[in-house]
K.L.:
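Dropping a structure here in structure tokens format, bear with me for questions.
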Amino acid sequence: EIEQVHVGQQEDIEIGSVENFEHEEIDYAIFRIESGFFATQGHCFCEDQAFLSESNVDGEELECSSCGNIFSIVSGDPVSDLELPSLRIYDISEEDGEIYINI
């Protein structure tokens with residue numbers, strides 16, 4: 001069963017940035033890029049389990065601040081090391097200036 005959880009207002013996240021969102025002790029990374037809002041799991045697969053909200057955003061890609069691996073924000077697929085698993089992606093919906101994550 002999918003739960004729609006309120007994240008915040010669209011205007012709170014600038015284009016080209018990422019914010020951490022925690023719900024029931026689970027972290028999610030909320031991205032706003034030119035093509036819209038996207039959400040992934042909150043931590044990288046690397047040994048440090050780095051917060052993806054601390055990643056560097058470049059277009060539709062993110063680079064983990066700890067291990068340097070690059071992933072697609074849109075698909076979650078690895079870009080720099082194709083042996084890595086894909087990031088988990090969550091649907092984002094927008095309504096009346098508000099952002100919701102479907103988890």
Side-chain angles (χ1 to χ4, degrees):
E1 183 176 321
I2 295 175
E3 178 184 4
Q4 191 175 59
V5 179
H6 183 255
V7 173
Q9 295 184 319
Q10 293 176 349
E11 63 191 30
D12 292 340
I13 303 176
E14 294 180 24
I15 294 175
S17 66
V18 55
E19 298 290 331
N20 189 67
F21 176 71
E22 183 181 335
H23 178 69
E24 295 183 354
E25 299 183 17
I26 297 174
D27 291 300
Y28 303 89
I30 310 295
F31 296 85
R32 183 175 187 184
I33 56 178
E34 288 289 338
S35 54
F37 289 92
F38 296 87
T40 68
Q41 65 194 50
H43 298 271
C44 186
F45 298 114
C46 64
E47 186 176 332
D48 293 340
Q49 295 279 296
F51 280 96
L52 291 178
S53 60
E54 297 175 1
S55 63
N56 299 310
V57 176
D58 184 14
E60 293 189 344
E61 297 178 344
L62 68 91
E63 179 182 1
C64 175
S65 61
S66 179
C67 67
N69 283 315
I70 299 171
F71 295 89
S72 165
I73 293 169
V74 177
S75 68
D77 294 336
V79 174
S80 59
D81 181 352
L82 301 181
E83 299 296 316
L84 291 171
S86 294
L87 297 175
R88 180 143 186 211
I89 297 293
Y90 298 89
D91 287 332
I92 290 278
S93 55
E94 303 167 50
E95 187 177 320
D96 296 327
E98 303 294 324
I99 309 165
Y100 299 88
I101 184 172
N102 298 319
I103 52 177

K.L.:
Quick one: are Cys64 and Phe45 in side-chain contact, heavy atoms under 4.5 Å?
P.N.:
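A side-chain contact under 4.5 Å is absent here.
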
K.L.:
Side chains of Cys44 and Ser66: closer than 4.5 Å at any heavy-atom pair?
P.N.:
no

K.L.:
For Ser80 versus Ile70, what's the shortest heavy-atom pair and its separation?
P.N.:
OG-N, 2.8 Å

K.L.:
Should Ile30 and Ile73 be counted in the same cluster of Ile, Leu, Val, Met, Phe, Trp and Tyr side chains packed under 4.5 Å apart?
P.N.:
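No, Ile30 does not connect to Ile73 through the hydrophobic network.
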
K.L.:
Rounded to the nearest 0.5 Å, how far apart are CD1 of Ile101 and CD of Glu3?
P.N.:
10.5 Å

K.L.:
With a 4.5 Å cut-off on side-chain heavy atoms, are Gln10 and Glu98 touching?
P.N.:
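When only atoms from C-beta onward are counted, Gln10 and Glu98 do not touch, as no gap falls below 4.5 Å.
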
K.L.:
Could you check Asp77, Leu62, Thr40 and say which one makes a side chain to side chain contact (heavy atoms under 4.5 Å, CB included) with Phe71?
P.N.:
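Going through Asp77, Leu62, Thr40 one by one, the side chain to side chain contact (heavy atoms under 4.5 Å, CB included) with Phe71 is satisfied by Leu62 alone.
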
K.L.:
Which label fits Tyr100 and His6: parallel for a plane angle under 30°, tilted from 30 to 60°, or perpendicular past 60°?
P.N.:
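Perpendicular, since the angle between the ring planes exceeds 60°.
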
K.L.:
Does Asp58 have more than 12 heavy atoms from other residues, nucleotides or ligands lying within 6.0 Å of its CG?
P.N.:
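No, the 6.0 Å shell around CG holds no more than 12 heavy atoms from other groups.
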
K.L.:
Within the 4.5 Å heavy-atom criterion, are Phe21 and Tyr90 side-chain neighbours or not?
P.N.:
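Answer no - side chains too far apart.
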
K.L.:
Is there a path from Leu84 to Val79 through hydrophobic residues (I, L, V, M, F, W, Y) whose side chains come within less than 4.5 Å of each other?
P.N.:
no

K.L.:
Which pair of heavy atoms, one from Val18 and one from Ser53, lies closest together, and at what distance?
P.N.:
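Shortest heavy-atom contact: CG1-O, 3.3 Å.
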
K.L.:
Tell me, do Val7 and Asp12 make a side-chain contact under 4.5 Å, heavy atoms counted?
P.N.:
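A side-chain contact under 4.5 Å is absent here.
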
K.L.:
Taking the side chain as every heavy atom from C-beta outward, state whether Gln41 and Tyr28 have any atom pair closer than 4.5 Å.
P.N.:
no

K.L.:
For the CD atom of Gln4 and the CD1 atom of Ile92, what is their distance to the nearest 0.5 Å?
P.N.:
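So the gap between those two atoms works out to 9.5 Å.
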
K.L.:
Please assess Ile2 against Asp91 for the test side-chain contact (heavy atoms from CB on, under 4.5 Å), listing each intermediate value before the final yes or no.
P.N.:
CA-CA 10 Å; Ile2 295 175; Asp91 287 332; 5.9 Å; no

K.L.:
Looking at every heavy atom in both His43 and Asp27, which two are closest together, and how far apart are they?
P.N.:
NE2-OD2, 3.0 Å

K.L.:
Quiz question: by atom type and distance under 3.5 Å, do the side chains of Asn69 and Asp81 form a donor-acceptor pair?
P.N.:
no

K.L.:
Could you report the tightest heavy-atom contact between Val57 and Gly16, atom names first, then the distance?
P.N.:
CB-O, 3.7 Å

K.L.:
Closest approach of Ser55 and Glu63, non-hydrogen atoms and distance?
P.N.:
CB-O, 3.1 Å

K.L.:
Can you confirm whether more than 12 heavy atoms, excluding those of Glu34, are under 6.0 Å from its CD atom?
P.N.:
no

K.L.:
Are there over 12 heavy-atom neighbours, none belonging to Glu22, within less than 6.0 Å of that residue's CD?
P.N.:
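Counting neighbours around CD of Glu22, more than 12 heavy atoms of other residues, nucleotides or ligands fall under 6.0 Å, so yes.
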
K.L.:
So, taking the atom named CZ in Phe37 and the one named CD1 in Ile15, what distance separates them when rounded to the nearest 0.5 Å?
P.N.:
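So the CZ of Phe37 and the CD1 of Ile15 are separated by 8.0 Å.
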
K.L.:
Any non-hydrogen side-chain atom of Val74 less than 4.5 Å from a side-chain atom of Phe38?
P.N.:
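The answer is yes; the side chains approach within 4.5 Å.
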
K.L.:
For His23, what residues pass the ring-ring contact (aromatic ring centres under 6.0 Å, His included) criterion, not counting sequence neighbours?
P.N.:
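Not a single residue meets the ring-ring contact (aromatic ring centres under 6.0 Å, His included) criterion with His23.
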
K.L.:
Using only atom types and a distance under 3.5 Å, with no angle test, would you say the side chain of Ser75 pairs donor to acceptor with the backbone of Ser72?
P.N.:
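A pair under 3.5 Å: no.
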
K.L.:
Compare all side-chain heavy atoms of Ile103 with those of Ile26 and state whether any distance is below 4.5 angstrom.
P.N.:
no

